[in-house]
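For clarity, every value in this text was computed on a predicted model and none was experimentally measured.
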Amino acid sequence: MECDGEKSTTTSSPAKKRTRGPKKGPQNHHNHLFPLIPLVSSATSAAHSFLSQNDLHLHPSQTLILESKITSVVFSLTKLNSLLQTLNHSNTKTLTLPLPLPPPPSFSSSSSSSTTTFSPSSPCWFQRFVSSASDQSDPRWVESFRMSKPSFILLLQTLTPSLQNSSSKIPPDYMLGTALFRLAHGTSFKSVGRRFGIDSSGACRAFYEVCKAVNDRLGHLFELSSNDLSRIIVGFGWISLPNCCGVLGFSKFLIESEKKDDDSAVIVQCLVDSEGRFLDVSAGWPGKMNPPTILRHTKLFSRGEHPKEFLNGPSFEFRDGNSIPQYVLGDSYCPLLPWLLTPYPISSKDDDNSNNSSVQAFNSVHNRGMKLVGTAFGRLRARWKLLSMKWKEESIESYPFVIVAGCLLHNFLLKCSEPLPDENEDYSLEQDEFPVFEDKGNEEAQRIRDTLALQLAMVSQRV
């Protein structure tokens with residue numbers, strides 16, 4: 001044992017005691033660290049130099065990781081150097097540590113006009129990026145902003161009227177770039193601001209101004225507000241869901257909270273089409289609420305309960321003379337309604353439904369339709385990494401606003417035929433678990449579901 005070894009040393013002969021030498025003071029134990037600090041500092045400076053010279057050619061994720069590592073090393077070196085100076089007053093040394101990243105360039109507004117001019121000591125990253133990535137097909141636009149240069153310019157043209165009327169003095173293209181970069185990479189306001197030559201508060205202001213402009217200018221991309229649902233119905237027809245007008249789903253977006261017993265999340269209700277577009281979004285519901293309660297408090301429910309406002313198109317006629325009205329799909333945690341069709345409950349192997357061919361056919365097609373919601377939310381989080389991270393609790397009031405903006409931008413990119421970061425990746429997500437809704441629904445809702453189930457069973461038998 002180690003304690004036995006220590007005891008035998010203290011009882012050794014006087015000759016052995018003399019070979020141990022004088023006891024070192026606490027300050028002498030750290031002398032060997034002083035030569036290491038300049039070496040690490042030099043390596044950090046080299047890494048910083050490499051980052052500064054290659055930031056236009058590295059992937060944004062690489063620059064963000066390298067930037068974070070450099071900042072952490074410099075912070076640690078500074079603390080270590082200060083600690084060693086305190087422990088060793090007799091050997092004081094002054095060590096100049098490298099700044100991990102330069103401060104953001106300043107900008108000023110001309111007093112004679114409302115235009116804003118940047119006057120940095122050196123061009124910021126965005127200025128150099130725009131100059132070097134002038135080609136329309138340069139992939140760095142997609143890497144940085146999740147969209148090609150033509151789509152960036154089109155979005156800028158769409159949002160500029162709102163951004164010019166904002167209180168910010170930052171040019172619209174810098175505001176848009178700041179917001180998209182933060183959404184795409186989930187980086188801090190300080191980090192993203194440095195790339196665009198603005199301070200943290202300016203980056204924060206730009207981010208929320210752009211989110212507001214997106215909500216104001218792109219709201220029409222939620223197509224449920226349109227009376228023409230023919231495109232949506234045709235899309236679902238290709239996956240054996242005649243007269244379907246959308247798939248309803250719910251997802252939790254996590255909140256960074258100190259309350260361990262609290263369900264720290266906001267719930268988002270959405271309706272999606274067969275291509276993963278968001279047709280309707282209601283965000284910001286408390287994490288403890290259940291889907292039926294949320295649904296009954298949304299405009300979608302009130303419109304669904306009044307057919308003159310929604311789902312008021314013609315019924316779909318089957319060859320046997322039966323028909324079904326327009327409807328949307330909902331999961332088992334939703335109520336069965338004449339306009340909201342949920343799956344048949346399968347409680348056990350002995351359940352009559354388990355051996356019913358029409359039930360099996362309906363639930364199979366229904367399950368395929370419900371996966372569209374998980375895929376849509378998965379793609380949303382893949383495009384905008386910020387939405388896959390935990391949101392800070394102190395700014396929770398703005399989170400629903402940001403989520404809706406992300407959904408609208410998602411629709412905008414689908415309209416522009418912009419590819420996902422990796423088209424070969426499976427973006428489907430596991431659906432959040434909610435308690436099953438036990439009510440069987442009224443007779444009309446059961447009739448509509450039975451009619452559709454029978455037709456689906458007949459189709460599956462022919463195939």
Side-chain angles (χ1 to χ4, degrees), residues 146 155 158-159 179 183 208 210-227 229 231-232 235-236 244-255 265-287 289-304 309-311 328-331 333-334 339-340 369-389 391 396-415 427-429 431-432 434:
R146 296 293 186 261
L155 181 59
T158 304
L159 303 183
L183 274 171
Y208 288 110
V210 170
C211 287
K212 181 179 185 301
V214 167
N215 279 269
D216 292 341
R217 296 281 172 171
L218 299 182
H220 62 279
L221 296 180
F222 288 154
E223 294 184 41
L224 198 62
S225 57
S226 171
N227 292 325
L229 301 177
R231 182 197 66 78
I232 300 169
F236 281 106
C244 182
C245 296
V247 181
L248 182 70
F250 297 78
S251 185
K252 292 183 178 181
F253 288 72
L254 301 181
I255 300 296
V266 297
I267 297 179
V268 177
Q269 171 190 291
C270 77
L271 190 72
V272 303
D273 68 4
S274 59
E275 298 176 67
R277 289 182 177 86
F278 292 97
L279 304 174
D280 181 77
V281 175
S282 180
W285 300 96
M289 290 185 71
N290 58 53
T293 304
I294 293 173
L295 175 62
R296 293 181 185 279
H297 284 83
T298 61
K299 292 182 179 179
L300 178 66
F301 182 83
S302 60
R303 294 180 67 186
E309 296 185 24
F310 177 49
L311 303 175
V328 300
L329 295 183
D331 216 333
Y333 46 68
C334 293
W339 59 273
L340 179 59
M370 289 306 306
K371 287 182 179 179
L372 295 170
V373 176
T375 300
F377 278 123
R379 289 174 174 174
L380 176 71
R381 290 179 165 100
R383 287 191 189 276
W384 311 123
K385 185 178 179 181
L386 182 66
L387 300 183
S388 67
M389 303 167 67
W391 193 262
I396 189 174
E397 292 182 358
S398 62
Y399 198 22
F401 183 68
V402 175
I403 294 172
V404 172
C407 293
L408 287 170
L409 288 170
H410 173 84
N411 285 2
F412 174 82
L413 295 181
L414 285 177
K415 186 176 182 180
Y427 289 107
S428 59
L429 293 178
Q431 291 291 302
D432 292 295
F434 297 100

List for me each residue that meets side-chain contact (heavy atoms from CB on, under 4.5 Å) alongside Arg231, sequence neighbours excluded, and say none if there are none.
Glu223, Asp273, Glu275, Arg277, Leu279
Could you grab the distance from atom CG of Leu248 to atom CD of Gln269, nearest 0.5 Å is fine?
5.0 Å
Which pair of non-hydrogen atoms, one from Gly304 and one from Trp339, has the smallest distance, and what is that distance?
O-CD1, 3.3 Å
Evaluate the criterion side-chain contact (heavy atoms from CB on, under 4.5 Å) for residue pair Arg217 and Phe412; output intermediate values, then yes/no.
CA-CA 11 Å; Arg217 296 281 172 171; Phe412 174 82; over 6 Å; no
Which heavy atom of Phe236 sits nearest to which heavy atom of Cys244, and what is that distance?
CD1-O, 3.5 Å
Quick one: are Val268 and Phe278 in side-chain contact, heavy atoms under 4.5 Å?
no
Given the rule in the side-chain contact (heavy atoms from CB on, under 4.5 Å) test, do Phe222 and Asp280 qualify, once you have shown the distances and angles that lead to the verdict?
CA-CA 6 Å; Phe222 288 154; Asp280 181 77; 5.7 Å; no
Begin with the C-alpha distance, continue with both residues' side-chain angles, and end with the deciding distance and a verdict on side-chain contact (heavy atoms from CB on, under 4.5 Å) for Val210 and Leu183.
CA-CA 11 Å; Val210 170; Leu183 274 171; over 6 Å; no
Residue pair Trp384 / Leu413: nearest heavy atoms and the distance that separates them
CZ2-CD1, 3.9 Å
Validation row: Val272, Thr375 side chains within 4.5 angstrom (heavy atoms)
no
Would you check if Phe250 and Trp285 make a side-chain contact, meaning some heavy-atom pair closer than 4.5 Å?
no
Smallest separation among heavy atoms of Pro400 and Gly284, with atom names
CG-CA, 3.4 Å
Hits for salt bridge (charged side-chain N to carboxylate O under 4.0 Å, His left out) against Lys385, two or more places apart or cross-chain, chain-then-number order -> none
Measure the SG-CZ distance between Cys245 and Phe310 for me, rounded to the nearest 0.5 Å.
6.0 Å
Using the ring of Phe253 (Phe, Tyr or Trp, six-membered ring only), decide whether Arg381 places NZ or CZ under 6.0 Å from its centre and within 45 degrees of its axis.
yes
Atom pair CG/CG of Leu380 and Leu387 - distance to nearest 0.5 Å
5.0 Å
Restricting to non-hydrogen atoms, name the atom on Gly249 and the atom on Val373 that form the minimum distance, rounded to 0.1 Å.
CA-CG1, 3.7 Å
Can you sort out the partners of Asn290 under side-chain contact (heavy atoms from CB on, under 4.5 Å), two or more places apart, ordered by chain and number?
Pro292, Thr293
If we ignore hydrogens and angles and just use 3.5 Å, is the side chain of Arg146 paired with the main-chain N or O of Arg383 as donor and acceptor?
yes
Heavy-atom pair with the smallest gap, counting every atom of Leu408 and Asn215:
CD1-CA, 3.8 Å
Could you give the distance from OG (Ser282) to CD1 (Ile294), rounded to the nearest 0.5 Å?
8.0 Å
Any chance you could measure Ile255, atom CD1, to Tyr399, atom OH, to the nearest 0.5 Å?
6.0 Å
Answer yes or no: is there a side-chain heavy-atom contact under 4.5 Å between Leu329 and Leu372?
no
Any side-chain to backbone donor/acceptor pair from His410 onto Ala376? Under 3.5 Å, distance only.
no
Which distance, rounded to the nearest 0.5 Å, do you find between the CG of Leu159 and the CG of Leu409?
7.5 Å
Can a donor-acceptor pair be found, under 3.5 Å and without considering hydrogens, that links the side chain of Asn411 to the backbone of Leu221?
yes
side-chain contact (heavy atoms from CB on, under 4.5 Å) between Trp391 and Val402, worked out:
CA-CA 11 Å; Trp391 193 262; Val402 175; 4.0 Å; yes
